[in-house]
Each structure stands twice: as C-alpha cells, then as structure tokens.
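Inspection log for the structure reproduced underneath, given as structure tokens.
Basis for what follows: all heavy atoms, side chains included, without hydrogens, waters or symmetry-related copies.
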Amino acid sequence: PYVSLMYFPHLEKIIMKTTIVKAVLNGNYAKILLSKYPISYGFSAPHPDNPKSHTQNKEQIQAIAKKSAYRAKEKVKALIMGNLYRHTKYRPIFLTFTFRENVQDIAYANKEFLLAMKRLDYEVGHKLRYIAVPEFQERGAIHYHCIFFNLPFVDIKIIVKIWRHGTQVDIKPINKVKGTYHYLIKYLDKSFSDPRCKNKKRYLHSLENRTEIIYNQDTALSIFSKLDAKNWMSAPRSYDKLDQNGKITNHFSQQEFLTI
C-alpha cells in the first residue's frame, strides 16, 4: 500500500511503504503497535536547507521535548528488558556510585564514571554490560544509578577502590524483574526537567542493542499471535500521536511482552 505525497513535496520521487502493524523485538522483550491510520517507513526525509527559517513557538518546543523524552524512555526500556535474560550465569543488580566531592560538571563526571567501568572490566576479566543514569543530588553532586547484567561477585571494598571517588557505593539485588526498568526510567524522567542535563548524555550503557523493528504486517501479526496474557509486561494501552501543533495525527494501541 502507498500513501498520498501531497503533503511531502520533497519526497515526490519516493514511493513510501506503509503499515498499520509494527513489532519491536530485543531479546526477550517484544512490543506490538497497532495504528488506526497507516504509518510510513523505509525512507529518510532530507532536512530543510535552512532549519532556522522554521520558527517554533513555546508549545511546539515543548511538544518536541516531550517526544524526545518518550523516545529516550522507550529505548532505555527496550535495552533493559532485552538484556535481563541474556546473561543467564549472572543475576542483575542495582549499583549506585556517588562522588564524595561536590562534582557538578556532568561531562567530567561521565568521563570519570566510564574510566571506573574500564577498571571494573579489568578486575572481573570480561566486558561488563550495564546501563547508568546520572542524577544531581540535593547538594548538587552527581551520582549514578546503574543496572549491571553480568557482574560477578566483587567485594564492595574492591568496588570502592576501583571507583576512587569516595566510599558511597551501594549494591542492591533485583527481585522484581518485570518492573526493573521503572528504577532507571524515573531518574531519566527527572533529567528532562533539569536544565543542567540539557544537551548532555542522559544515560550511558555498554549493552548489546539488538533491537529489531518489523514492519511486515504478516510477520508482525504472526509474532503477536504467539504471545498471550501470561507474557504481558503491563496492561495494554492506547494513545494519540500529536504533531507539533498539538493536532492528533494517529491513534495507537500498544502491548508489551516479556517472554521467559
């Protein structure tokens, strides 16, 4: 099926493919989306020659920021849930790293955090798989909320020595696996309302991103037919997609699954 190009004059020579079913897969995680109207895929729209000529009001800027936050949260969720059962020899754990000094430069903090992860890799003898979200504490200092997926037992004193920025390193086992992503999402959410995080990396990770997006309707529906309520991560939800002016352009039904 094809869609009209009257609203896409710069794509007049491109035939756009469309679908109303999309499947997003990553490890044991699956998301099925059903749209009311066809969505296009398989093309990349060129940027305008002069982006600054398209002025945006406050509402449009807020809509773009909201969309960006949603995409980031969905990506982090897929990364976490897609890696939870990938390293079966290890139990996923929460770890927090806090700077003893009142470090507020996020670029410097990220650099020091990544160096500490390299030292920890060396200590355990393999590449660690983790995802981390920085957060500003009330005193202003940065600390990191992390999930490690293949960290073997390491004495806390050794981890503190590897961190090199104070003794406040906390470890907590993950008990409720299906809700694991909520732990980091709430901190990621905070970063979008914190001006100190603007144009900065809101999360760091070393995870294998094997996300696969399937647009073929028959294939996506075939995947959906093999999943049932026992695989639900949460209840089904529906939502409207809005353009930059707040106008509804499509309606989606979404269901997420975790197959274990």
Mind running side chain to side chain contact (heavy atoms under 4.5 Å, CB included) on I142 and Q137 for me, showing each step along the way?
-> CA-CA 6 Å; I142 296 166; Q137 294 181 301; over 6 Å; no
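- Atom OG of S35 sits about 10.0 Å away from atom NE2 of H251, to the nearest 0.5 Å.
- For the atom pair CG of L128 and CG of D121, the computed distance is 4.5 Å after rounding to the nearest 0.5 Å.
- Side-chain atoms of T98 and Y144, non-hydrogen and from C-beta on, never get closer than 4.5 Å to each other.
- When atom types are taken as modelled, the side chain of R100 and the backbone of H165 share no donor-acceptor pair closer than 3.5 angstrom.
- Here the CD1 atom belonging to I159 is positioned 6.0 Å from the CG atom belonging to L120, to the nearest 0.5 angstrom.
- Between I131 and V76, the closest side-chain pair of non-hydrogen atoms falls below 4.5 Å.
- I156 and V124 fall within a single hydrophobic cluster, where Ile, Leu, Val, Met, Phe, Trp and Tyr are joined by side-chain heavy atoms under 4.5 Å apart, directly or via other members.
- Taking every heavy atom of both residues into account, V160 and G166 meet most closely at CG1-O, 3.5 Å.
- If you chain together hydrophobic residues whose side chains sit under 4.5 Å apart, W163 and V103 fall into the same group.
- In Y37, the OH atom is not crowded: 12 or fewer heavy atoms of neighbouring residues, nucleotides or ligands sit closer than 6.0 Å.
- N150 contributes a side-chain N or O that, together with a main-chain N or O of R129, makes up a donor-acceptor pair within less than 3.5 Å.
- Nearest heavy-atom pair across Y239 and L33 is OH-CD2, 3.2 Å.
- With contacts defined as side-chain heavy-atom distances shorter than 4.5 Å, the pair R196/I106 does not qualify.
- Considering F148, F97, Y203 in turn, F148 is the only one that fulfils the ring pair (Phe, Tyr, Trp, His ring centres under 6.0 Å) rule with Y130.
- Here the side chain of R119 pairs a donor or acceptor atom with the backbone of I162 at under 3.5 angstrom.
- A salt bridge links E256 to K77: at least one charged side-chain nitrogen sits closer than 4.0 Å to a carboxylate oxygen.
- Minimum heavy-atom separation, A141 to N102: N-OD1, 2.9 Å.
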Taking it one step at a time, do I147 and L184 satisfy side chain to side chain contact (heavy atoms under 4.5 Å, CB included)?
-> CA-CA 8 Å; I147 299 176; L184 288 191; 4.0 Å; yes
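- Using a 4.5 Å cut-off on side-chain heavy atoms (C-beta onward), P236 and Q254 make no contact.
- Taking the side chain as every heavy atom from C-beta outward, L114 and K118 never approach each other to under 4.5 Å.
- Here the side chains of N250 and I39 are in contact, with some heavy-atom distance below 4.5 Å.
- The shortest non-hydrogen separation linking R202 to P134 is O-CD, 3.4 Å.
- For the residue pair G140 and F136, the shortest heavy atom distance occurs at O-CD2, 3.2 Å.
- In terms of modelled atom types and a separation under 3.5 Å, the side chain of T96 and the main chain of C146 share no donor-acceptor contact.
- The hydrophobic cluster containing Y187 also contains M81, counting ILVMFWY residues as joined when their side-chain heavy atoms lie under 4.5 angstrom apart, directly or transitively.
- Remark: H145 engages E135, H143, Y183 in a side chain to side chain donor-acceptor pair (under 3.5 Å) (not counting sequence neighbours).
- To the nearest 0.5 Å, atom OG1 of residue T219 and atom CD1 of residue I214 are 6.0 Å apart.
- Between E74 and R71, no side-chain nitrogen of the basic residue sits less than 4.0 Å from a carboxylate oxygen of the acidic one, so the salt-bridge criterion is not met.
- Residues A220 and V21 approach most closely at CB-CG1, 3.5 Å, considering heavy atoms.
- Here CE of M117 is found 11.0 Å from CD of E112. Values are rounded to the nearest 0.5 Å.
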Step by step, would you call Y90 with L151 a side chain to side chain contact (heavy atoms under 4.5 Å, CB included)?
-> CA-CA 7 Å; Y90 307 94; L151 179 66; over 6 Å; no
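- In the hydrophobic clustering of ILVMFWY residues, with side-chain heavy atoms under 4.5 Å counting as a link, L95 and V154 come out together.
- Counting only heavy atoms from C-beta outward, the side chains of L221 and I32 never approach each other to under 4.5 Å.
- Residues I80 and Y29 have side chains not in contact (no heavy-atom distance under 4.5 Å, counting atoms from C-beta outward).
- Taking CG of L204 as the reference point, atom CZ of F113 lies at 6.0 Å (rounded to 0.5 Å).
- The backbone N or O of I185 lies less than 3.5 Å from no partner atom in the side chain of D189, so there is not a single donor-acceptor pair.
- In this structure, R237 contributes its side chain and Q255 its backbone to no donor-acceptor pair below 3.5 Å.
- Checked by atom type and distance alone, the side chain of T19 pairs as donor or acceptor with a backbone atom of Y215 at under 3.5 Å.
- Residues F99 and V133 fall into different hydrophobic clusters, defined by Ile, Leu, Val, Met, Phe, Trp and Tyr side chains chained together at heavy-atom separations under 4.5 Å.
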